[in-house]
Amino acid sequence: MPTFSIVTPVYDPPAEVLRACLDSVLAQTDSDWEHCLVDDASPSPHVARVLAEYAARDARFRVAKRSVNGGIVAASNDALAIAAGDFVAFLDHDDVLEPNALAAVRAVVDNDPTVDYVYSDEDNLSPAGEYITPFFKPDWSPERFRSQMYTCHLSVMRRSIVDEVGRFRTGFDGAQDYDLVLRVTERARRVHHLPFVLYHWRMLPTSVAGNAEAKPWAYEAGRRAVQEHCDRTGIPATVEHGAVNGVYRVKRRVTGEPLVSVVIPTRGTRARVWGVERCLVVDAVRSVLERSTYPNLEFVIVADTAMAPTVVDRLRTLLGERLTLVWYDRVFNFSEKVNLGAAHARGEFLLLLNDDVEVESPDFLETMLSLCQDPGVGMVGAKLLFADGRLQHAGHFYNGDPFHAFFRYHRSELGPSGLLVVQREVSGVTAACAMVRSCVFDEVGGLTPILPNNFNDVDFSLKIRRAGHRILWTPYAVLFHFESMTRAPAVLDEEHDLLKARWLHQLSNDPYGNPNLQPKLDSWIEKPLR
Amino acid sequence: MMSVSPPPSDDEVALRAAELAALLLERAASARGATADDPSVVAAEIASLRAEVARLRSLVGPEEDSFVRLRTDLWAARDAAIGSEMEAGQLRGRVTALEKELLRAQRNHRLITHKLIAPARRAKRLLRKL
């Protein structure tokens, strides 16, 4: 039995395109494969001729023909039925594999027998024959996968699991692969990402690669696939179409109404925002009270003893019984202030919030809380905007140094492959607005006081991930963050050195970035001459 | 052209306030004589008080309107400030994206120059010498 069965449903591709596809299989450096091709009753006579020619040339090409056209699901299932390999790799009839594609997958599955699903990076093959628009993917990121089919090509799965889940399902045409991978990853022991472009997706006018509007029904099928995945896995959510085609919003529901403690360190600073002077903490609290729709809140305000009594009075008037005021009389240390606030909090969840924020989306608490209630999730971050609407925070990106991803891009940027409009796993989030489970906060010992000003949130995030929890970022919880209005944003060398001493490897190996990206940048720019 | 009467002096305002207070006291006293069985008296009293309020409002009208206008102007100014800041942000965001693209283009240009063009030129010079 071969290790790999390459599965290809064939329906009327141009002869030269089909030949390029089959030649790329023949050129594989790993020879332990079979190519299962099912001709879905193609009307053009050249299809059968080309397939017969390759089958005659090499017995590893196994060709079957359907008497009537059954569509991609039926043809793919027919191809799976004749597959005998340990793993199945999916290849479209007009696409091309890199010569070392199977060898790269073999290196993974031979090394770790618990890997059940492998996917690689990919790019597009333009009509001019150029490899363009590479898609450098993150390591396995289940929340992002629920938001978009990002693993796509090349996908290689253990055949036994594909059979176990019932192969492709009818009714999901156009998103049949998304539906299959959702079901396979529900059972897979390990998922592995190969950060190499092993697959070239040909752009044809009728293909999704060439035209996002080509298959509108596919997006609805994708939405249904994710909804069914949520229902199967017990995620209480409604799946909606997202900001662009092929992106979905998994809108989770909050379970119960747990108490959320909003922890705000402050010294009662006043600042001019949008031309009007305001007391930052008072307006931050007011915006939460006025805009947020979540009812069960307490506010733990950690205030410098030097804070003006009028600010305290205004907070008392606004919050009444919901206010817990904690006085802080030491030299400024952000970590210590947050830890002190968390120690006084009674809630099951903490919302770490800076005093220089203003709520934009009314359901931001429900959005963050519902994600934080996922048992595997330790912390959730929000989309933060500068006063002029540019991105202040869209998740951390540890690319040699810690960065805010796409810092100072406009809020409406979609990001590469929709990165900025999907809920996704990130390596870290800013503590300016982060929801964390109280027990996770305690488990990792809160924020590190030896990082009093900067990077304490980076350190906190990495501690949470090291403890085995995932960190999510959502574009659906939006707040303005009038950053560094309360103090100068200076980073000391000692802070930088200390962070590197603690997390050198993690700062250069972000699993939600990609090794093909240029280091020391906040945006996704590929390395040159790859 | 419409004539504009000068605003009342402080003394005039005080006098009018005293007149109003006296009038209200007088009417309240007469209203106490009315019973619940006589709603027409109460309705007339309310109508007369409303008329008085309207008369007084017309006296201070320009100031009251100015205050409302000022407040509306303030809101509009704040909205305009936020709007222009957002528009500036959109442009700044675009500049950030273009700066990144420029960075990439400059880097690629540098690399092509150093790794391809410069060696080719060196080889060409060498061939000429030979």
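Every chain is numbered from 1, with letters handed out A, B, ... down the list of sequences.
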Where [X] and [Y] come nearest, the two heavy atoms and their spacing:
X	Y	value
B/Met86	A/His410	O-NE2, 4.4 Å
B/Arg78	A/Trp274	CG-O, 4.2 Å
B/Arg107	A/Ile525	NH1-CG2, 3.7 Å

What part of [X] gets within 4.5 angstrom of chain B, counting heavy atoms only: side chain, backbone, both, or neither?
X	answer
A/Phe407	backbone
A/Leu521	side chain
A/Arg408	both

Inset, instruction - May I ask you to test the A/Phe386-B/Arg92 pair for a side-chain heavy-atom distance under 4.5 Å? - result: no
Inset, instruction - Please tell me if the side chains of B/Leu103 and A/Gln518 come closer than 4.5 Å, counting only heavy atoms from C-beta onward. - result: no
Legend entry - Part of B/Ala97 lying under 4.5 Å from any heavy atom of chain A: both
Inset, instruction - Using a cut-off of 6.0 Å, state whether more than 12 heavy atoms not belonging to A/His496 lie near its atom NE2. - result: yes
Inset, instruction - Using a cut-off of under 4.5 Å on heavy-atom pairs, state which of B/Arg94, B/Gln90, B/Glu101 scores highest against chain A. - result: B/Gln90
Legend entry - Distance, nearest 0.5 Å, that separates CZ of A/Arg390 from CD of B/Glu85: 9.5 Å
